[in-house]
Structure formats: C-alpha cells, structure tokens
Amino acid sequence: MKTFEDLSVMIIGFVWPESHSSAAGHRMMQLISFFKERKCSVIFASTAMESPFSDPLDGITKLSIQLNSSSFDSIISDLQPDLVLFDRFMTEEQFGWRVAQACPKAIRILDSEDLHCLREARKQTVLKNKAFDLTSDLAKREIASIYRCDLTFVISEYEVNLLETYFKVPSFLLLYLPIWAEISTLKLPSFEDRKDFIFIGNFLHAPNHDAVLYLKEHIWPLILEQLPEVSMHVYGAYPTNIIKACHHSKSNFFVHGRIERIEDVFLKARLLLAPLRFGAGIKGKLLESMQFGIPNVTTSVGAEGMFGTLPWNGEIVDSPEGFAMRAVKLYHDKVEWQEAQQNGFSILKSRFTKENFELRLKIALDNKIGNVEEYRAENFTGLLLMHHSMQSTKYMSKWIEAKNQNL
C-alpha cells in the first residue's frame, strides 16, 4: 500500500491561489502545505491566468491547462497522479470525467470552499426577494459533483449537516475540514491602544461587496451619530468602482483597498464589523479577527458554523439598528470587549487547531488509499452520475473543442 511519501498529488485550481487576497487562497495554500510537508509530489494546474498577487508556489510543479481540450488528457495520462484535488465543483465538472477516464484508480477529491448553492439561494432571497430555494440547477450540479467524487472537504459544520440531512449525502463522502487558525504570536495591543472599526474582504466575492454597501448606507450613519470621532476603515483586494465610491472622508468612512500585511491594520483596530447578509462557509475575516484579538459584530450568516456551543467573540445581530447599537456598546465597554476577545481565543483553540485537522485529513486519506474501489461500490449514485456525466460532458466538450479548431 502507498504511503504519503509515495503520493503524487495533482490540484486543479479554479484560480491561482492568492493567500493575501482571499480566505479561499489562504485555504488552498494550507492544503498545498499539508501535502508538501508530507513529502508528496505536488502539481498545481489551472486554466486561469496568474496575477501579480498569486502565491509563488515554491517547490511544486505548475501547469497551465486548457478547457475543452484533449491536451489535458495527454498531460494527466503521462502524470498518472494518485490523488486529484478539484478546487470547487465547477473544476470537477470540467475535468472530472477526463481524470476518471485517464486515471481510474486516482482518488478524486473535491474542495468545496463553501456551498455555492447555499450562498446563491441566500443571495437571491436578499437581493431579489425570492423564496429561499435549494433545488436550483446550481444545487443539482453541485450535489452531483459531490457524489461523483470519492471525498469532499466541507468547510462548515452547518454545511456538513445540510448535506447529510437535506441532500442525503452519505457521511463517508464528506470530511469537515475548516480553515485552521491560531492566535497570533505578536504582542497584541490593549483596549486603550486600539481605535476605529475595520472591514476586510475580497470584493470579487459578492457577499463582501454587498456588506460594505449595506454598512455604508444603513449601519454607519447610526454609529457615526453616536461616535462622531471614530472612523470606519474598509480594506480588501479588487475593490470595484462602486466600493471606491463609498469613500467619504467627511463621514469618516475610508476605503483603502488591498493590504499586503493584515497585521498592520488588525493590530490597530478595536472592532471588526462584518454585516454579511448572505454567504456560506466560514468567514476568514472573522477567524483573523480572533487571531489578532479583535472582537467583532457580525450577522447570523457571518458567524454560522464557527462557534458551536461556545460564546461568540462579540455580537451577532441581523437588524441594522441592533447592529449599530451593539457595535457602539462593545466599542465603549472595556470589560465586555476583553471578555469577547477571550471568547475568540477559546474558539480558535477549541475548534480550529491545525494539528487536529491535519490528523483528521491524514486519517481520511489513509482510509481511501488502497480502498477507493470499495468506497465507490458503496456509492452507486456516484457511479451512476459519473456514467452519465462522462457521456454528456465528454461529447459536449469534444464538440466545443472541434468547433474551436475550425474557427
């Protein structure tokens, strides 16, 4: 039987990871490090273009691949990886059938990042006032992708429960694997040495974009009325013109854009505000606030799946009036602020310890190595979906490839 030291791992990325731009990029770099630390041979491939902010990916092989091209078949047939990790279900849709055809014994793993169908259903409810619906075409595609894979990493306990109870996905196909985090080793400033509010997030991510607009229009005026000397600082990669237009110095609302070192701002702020009205998964900004000792005020969607039965490190409020009121109180109340800070440290230690999840991941992969056919035999729905997907996706892809060649 193979050991980790013998494994060759191919990661097919939806994008090239940018750990300084998004929680998704940070999560991908954690997975890459996990395999590298265990001496696996790692290849990262993507159809996307690298950006100036992409992580360097030292010590692994990088490949540029094409959609709807048989050139990928030749590449993966030559490489014959033992494990293929798909970054989000859309990548599995494009390449899963090719992997199954060229490397039938390779373990196929989906890193879901978050449940896209859950996020989209909430988005439609909030922005378009539609009924909450988890039976969309997007949901069908995403759940089918989960069934086709041998294992899916799920970032939130809430989503594990949703998959098992609502969608009836067998538990042996799922692994709860959040972003792991630990308390910063830097000297953390005191309550008195901190000031102002912050928000941070990648603005290509719709929940972050909406949260800042909602904050600026509905929440910040209520806070500013009571704290006229306090400022709101918004940071994040890829701000749109709409986000940039929120900058208004007269109302103490500042949009700064990308930062390279999050500690430069997290060690100065007193509170993080995250009024997320929709979304899924767990929120990297809230983990970071705990790491750097910053209590936060967020929504039920923001805190979802993060704290279990432990007290939250701040406040969870869904109305703009309540959000502003609790933000003002927590900003002023040193005792409550210090208690919230300690709650954040407890959440990190109890629920996001790196060692616990690395062990969980190793055990799960050990169970799959050498036994993948037995697991697949128990997942008839997955075999059925793979059969039909290989037919429909295969011929659609070949048709697109032929069409492109004739252009």
Those residues that, when tested against [X], pass side-chain hydrogen bond (donor to acceptor under 3.5 Å, both in side chains) (two or more places apart):
{"X": "D133", "answer": "T135"}
{"X": "H256", "answer": "H233"}
{"X": "S19", "answer": "D55"}
{"X": "R108", "answer": "none"}

Assess the residue pair Y147 and L383 against the criterion (side chain to side chain contact (heavy atoms under 4.5 Å, CB included)); give the C-alpha distance rounded to whole Å, side-chain angles, the decisive distance to 0.1 Å, and a yes or no. CA-CA 8 Å; Y147 268 105; L383 295 173; over 6 Å; no

[Y] and [X], any side-chain heavy atoms less than 4.5 Å apart:
{"X": "K268", "Y": "R194", "result": "no"}
{"X": "R360", "Y": "N356", "result": "no"}
{"X": "T152", "Y": "I109", "result": "no"}
{"X": "K334", "Y": "E192", "result": "yes"}
{"X": "K105", "Y": "D82", "result": "no"}
{"X": "I12", "Y": "S46", "result": "no"}
{"X": "N208", "Y": "K285", "result": "yes"}
{"X": "L365", "Y": "F34", "result": "yes"}

So, does S289 use its side chain to make a donor-acceptor pair with the main chain of L272 at under 3.5 Å?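 No: the side chain of S289 does not pair with the backbone of L272.
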
Look at the side chain of K283 and the backbone N and O of V301, then say whether any donor-acceptor pair between them is shorter than 3.5 Å.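 Side chain of K283 to backbone of V301: a pair is present.
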
Between the side chains of [X] and [Y], does any donor sit under 3.5 Å from an acceptor?
{"X": "S21", "Y": "E18", "answer": "yes"}
{"X": "E92", "Y": "S145", "answer": "yes"}
{"X": "H205", "Y": "S22", "answer": "no"}
{"X": "E120", "Y": "Q124", "answer": "yes"}

Check [Y] with [X], please: is the shortest side-chain N to carboxylate O separation under 4.0 Å?
{"X": "E229", "Y": "K195", "value": "no"}
{"X": "E304", "Y": "R122", "value": "yes"}
{"X": "R141", "Y": "D137", "value": "no"}

Output the distance between atom [atom1] ([X]) and atom [atom2] ([Y]), rounded to the nearest 0.5 Å.
{"X": "T47", "Y": "W16", "atom1": "OG1", "atom2": "CH2", "value": "9.5 Å"}
{"X": "Q291", "Y": "E263", "atom1": "CD", "atom2": "CD", "value": "10.5 Å"}
{"X": "L222", "Y": "I219", "atom1": "CG", "atom2": "CD1", "value": "8.0 Å"}
{"X": "M28", "Y": "S33", "atom1": "CE", "atom2": "OG", "value": "11.5 Å"}
{"X": "I262", "Y": "Y235", "atom1": "CD1", "atom2": "OH", "value": "12.5 Å"}
{"X": "E217", "Y": "L213", "atom1": "CD", "atom2": "CG", "value": "8.0 Å"}

Test L85 against L31 for side chain to side chain contact (heavy atoms under 4.5 Å, CB included), laying out the working first. CA-CA 10 Å; L85 175 68; L31 293 176; 4.0 Å; yes

Which residues share a side-chain contact (heavy atoms from CB on, under 4.5 Å) with [X], sequence neighbours left out:
{"X": "L359", "answer": "I363"}
{"X": "D210", "answer": "L127, R277, F278"}
{"X": "V230", "answer": "D196, F197, L227, Y331"}

Can you pull out every ring-ring contact (aromatic ring centres under 6.0 Å, His included) where at least one residue sits in residues 54-84? Sequence neighbours excluded, please.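 Every pair satisfying ring-ring contact (aromatic ring centres under 6.0 Å, His included) with a residue in residues 54-84: F72-F95.
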
Contact list for residues 114-135, test ring-ring contact (aromatic ring centres under 6.0 Å, His included), sequence neighbours left out: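 For residues 114-135, and leaving out neighbouring residues, the ring-ring contact (aromatic ring centres under 6.0 Å, His included) pairs sorted by first residue read F89-H116.
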
List the steps and the verdict of side chain to side chain contact (heavy atoms under 4.5 Å, CB included) for L110 and F153. CA-CA 6 Å; L110 172 63; F153 299 157; over 6 Å; no

Return a table of donor-acceptor pairs under 3.5 angstrom between the side chains of residues 57-66 and protein atoms on other chains or two or more places apart.
| unit_1 | atom_1 | unit_2 | atom_2 | d |
| --- | --- | --- | --- | --- |
| K62 | NZ | E50 | OE1 | 3.2 |
| K62 | NZ | E50 | OE2 | 3.4 |
| Q66 | OE1 | S69 | OG | 3.4 |

Please step through salt bridge (Lys or Arg N to Asp or Glu O under 4.0 Å) for the pair K368 and D150, ending with a clear verdict. CA-CA 8 Å; K368 298 290 182 181; D150 300 309; over 6 Å; no

For [X] and [Y], work out which heavy atoms get closest and say how close.
{"X": "S112", "Y": "V154", "result": "OG-CA, 3.8 Å"}
{"X": "E142", "Y": "C117", "result": "OE1-N, 2.8 Å"}
{"X": "G96", "Y": "F86", "result": "CA-CZ, 3.7 Å"}
{"X": "L118", "Y": "A280", "result": "CD2-CB, 4.0 Å"}
{"X": "R119", "Y": "P207", "result": "CD-CG, 3.7 Å"}
{"X": "P17", "Y": "F44", "result": "CD-CZ, 3.5 Å"}

Derivation of the side chain to side chain contact (heavy atoms under 4.5 Å, CB included) call for I294 and R270: CA-CA 6 Å; I294 309 176; R270 186 175 291 179; over 6 Å; no

Tell me which donor-acceptor pairs under 3.5 Å the side chains of residues 310-324 have, and how far apart each pair is, sequence neighbours excluded?
| unit_1 | atom_1 | unit_2 | atom_2 | d |
| --- | --- | --- | --- | --- |
| W312 | NE1 | N296 | OD1 | 3.0 |
| N313 | OD1 | N296 | ND2 | 3.2 |
| E315 | OE1 | R326 | NE | 3.4 |
| E315 | OE2 | R326 | NE | 3.2 |
| E315 | OE2 | R326 | NH2 | 2.5 |
| D318 | OD1 | S300 | N | 3.0 |
| D318 | OD1 | S300 | OG | 3.2 |
| D318 | OD2 | S300 | OG | 2.9 |
| S319 | OG | G322 | N | 3.0 |

With ring centroids as reference points, do F254 and H247 lie under 6.0 angstrom apart?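 Yes, the ring centres sit under 6.0 Å apart.
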
Solution key, residues 162-182 side-chain donor-acceptor pairs under 3.5 Å, sequence neighbours excluded:
| unit_1 | atom_1 | unit_2 | atom_2 | d |
| --- | --- | --- | --- | --- |
| T165 | OG1 | N161 | O | 2.6 |
| K168 | NZ | T165 | O | 2.8 |

Before giving the answer on side-chain hydrogen bond (donor to acceptor under 3.5 Å, both in side chains), spell out for S190 and D193 the whole-Å C-alpha distance, their side-chain angles and the decisive distance to 0.1 Å. CA-CA 5 Å; S190 66; D193 292 332; 3.1 Å; yes

